[in-house]
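All remarks here apply to the structure that follows.
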Amino acid sequence: MVIDSPPKVSTSREIRLTAAQAVRENRLWQRHVAMARIGAIPGNGVNRQCLTHEDIRARALLISWAKARGYRVTVDDIANLFIRRAGLDDSAPPIVTGSHMDTQPAGGRFDGIYGVLAGLEALEALDDQGLQTQRPIEVVAWTNEEGSRFSPGAMGSAVFTGARLLEDCLPVTDLEGIRFESALHQTLNATPSLERVPFRRRLGAYIEAHIEQGPELEAKGLPVGIVTGIQGSRWFLVKVEGESAHAGTTSLRARKDAVRSAVNIISALQDMMHDGDDQVRFTVGRFDVTPNSPNTVAEEVMFSIDFRHPDAAVLETKAQRISEISKRFAGPCKATVVETFNRAPSAFGADIVGRLEQAAQDLDIGYQTMASGAFHDANFLSEVCPTAMLFVPCERGISHNPAENAKPEDLAAGTRVLTAALIDLAGTV
Ligand code: GLV
Ligand code: MN
Ligand code: MN
């Protein structure tokens with residue numbers, strides 16, 4: 001479904017330019033530097049996984065910046081955090097921007113946090129120019145976009161939009177057995193004075209800024225990508241059950257070796273996923289062995305599958321074969337497949353994409369339109385309000401890696417386009 005009915009308000013080109021030009025590159029960069037200290041890991045990276053102490057500290061820092069500017073800060077029951085700059089018509093559905101603050105275990109300094117800090121910078125730019133908008137503008141930090149600690153990802157935006165139930169997320173555990181529910185309570189308890197807001201509030205529009213996480217923009221020397229849609233993603237967990245046995249005394253023929261079966265399954269899946277045009281994305285990123293001992297034949301393997309493609313039909317056809325192939329190549333072991341995440345490809349509306357393009361043209365900032373290979377919270381938002389995204393380049397396209405890097409001037413250029421589009425959607429007349 002594509003929703004494309006942006007608010008009927010307007011803002012003159014001159015005002016849009018004034019707002020965008022008030023974006024301060026250094027302020028934005030220093031905020032990235034401050035956030036990158038929270039959960040810093042060797043190699044310039046960040047480990048600030050969802051609902052950890054580091055996530056709680058990052059939230060506190062963001063809240064302190066927002067409160068210093070007098071913005072209202074609210075939270076919902078899954079700890080999505082909202083920073084609101086009031087509109088002249090404050091009862092109108094807000095124009096929302098943002099992303100996430102959680103990172104991968106060995107993540108970088110820009111994935112997610114850029115969208116949140118770009119949103120805050122946009123609000124401050126409007127304040128610095130004394131510009132009031134008709135509609136309120138909110139910056140959101142969605143909970144658990146990454147899905148690396150509590151799987152699957154994008155829980156906050158999925159629950160906010162009604163695509164998932166909070167109750168279904170609460171029992172999910174991390175690798176240490178900690179429940180999402182208990183980490184969530186700890187996070188919410190850290191900010192007891194924040195007003196609670198409901199899920200499924202009406203939103204006027206949503207724009208998410210993000211690093212590209214791919215190499216195209218850098219290769220073309222373009223500071224901005226305007227995203228027209230997101231490819232579909234399906235996640236699975238495969239459990240392979242064998243029997244533990246002594247590595248020195250049990251013949252290969254007599255074994256039910258879960259690792260051997262899992263490797264055969266993965267190899268067969270890789271063959272099935274192979275496509276001539278190299279569009280399929282197929283990743284086994286987690287491989288847990290029990291009992292994980294060098295001299296014991298493995299009793300059990302759990303591995304993850306992350307499978308993505310821009311074409312819904314290809315996603316469906318190939319996903320359907322995963323279970324059958326896993327069973328067929330399990331040998332003497334037993335394979336069970338559970339699907340944990342399923343997002344169809346999203347297409348953003350032409351009007352809101354057009355507004356971002358207009359903003360880039362007005363500001364004379366080079367851009368191209370493009371699709372997103374990564375999934376984002378925008379995926380879920382696109383089901384409830386006009387939604388679009390904008391990308392800025394990152395060095396060599398590296399992401400989900402401590403080496404992730406982006407240039408201050410590109411981060412600022414993206415934020416200028418974002419600011420102009422936000423004020424356009426929020427209206428000044
Ligand atoms: C989001 O982090 C993704 O994996 O696309
Ligand atoms: Mn991200
Ligand atoms: Mn990510």
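In listed order, ligands and their atoms are each counted from 1.
- The shortest separation from a heavy atom of Glu145 to ligand 1 is under 4.0 Å, placing the residue in contact.
- At a threshold of 2.8 Å, the Mn ion (ligand 2) has a backbone or side-chain N, O or S atom of His100 nearer than that distance.
- A side-chain donor-acceptor contact under 3.5 Å links Thr143 to the backbone of Ala79.
- Interatomic distance, Arg281 CZ to Ser233 OG, rounded to the nearest 0.5 Å: 11.5 Å.
- Atom OG of residue Ser157 and atom CZ of residue Arg164 lie 10.5 Å apart, to the nearest 0.5 angstrom.
- Residue contacts with ligand 1: Ala374 is placed with no nitrogen or oxygen under 3.5 Å of a nitrogen or oxygen of the ligand (distance criterion only).
- Looking only at N/O/S atoms, His210 comes nearest to the Mn ion (ligand 2) through NE2.
- Glu146 CD to Gln104 CD: the interatomic distance, rounded to the nearest 0.5 Å, is 4.5 Å.
- Judged by distance alone, the side chain of Asp377 and the main-chain N or O of Ala154 form no donor-acceptor pair under 3.5 Å.
- With a 4.0 Å cut-off on non-hydrogen atoms, Arg308 touches ligand 1 through its side chain and not its backbone.
- Using a non-hydrogen distance threshold of 4.0 Å, Gln104 does not register as a contact of ligand 1.
- The proximity of His376 to ligand 1, defined as any non-hydrogen pair under 4.0 Å, does not occur for either the backbone or the side chain.
- On a distance-only criterion, Asp111 and ligand 1 share no N/O pair closer than 3.5 Å.
- Here Glu146 contributes OE1 and His400 contributes NE2, and at the Mn ion (ligand 3) these two atoms make an angle of 90°, given to 10°.
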Derivation of the side chain to side chain contact (heavy atoms under 4.5 Å, CB included) call for Phe287 and Val238 | CA-CA 10 Å; Phe287 194 91; Val238 183; over 6 Å; no

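- No more than 12 heavy-atom neighbours from other residues, nucleotides or ligands sit within 6.0 angstrom of CZ on Arg200.
- For ligand 1, the polar-atom distance check against Glu146 finds a nitrogen or oxygen pair separated by under 3.5 Å.
- Every atom of ligand 1 is numbered from 1 in the order shown, and the set under 4.0 Å from a heavy atom of His400 is 2 (O), 4 (O).
- A salt bridge between Asp128 and Arg27 is present, with a side-chain N of the basic residue lying under 4.0 Å from a carboxylate O of the acidic one.
- Of all N/O/S atoms in Asp111, OD2 sits nearest the Mn ion (ligand 3).
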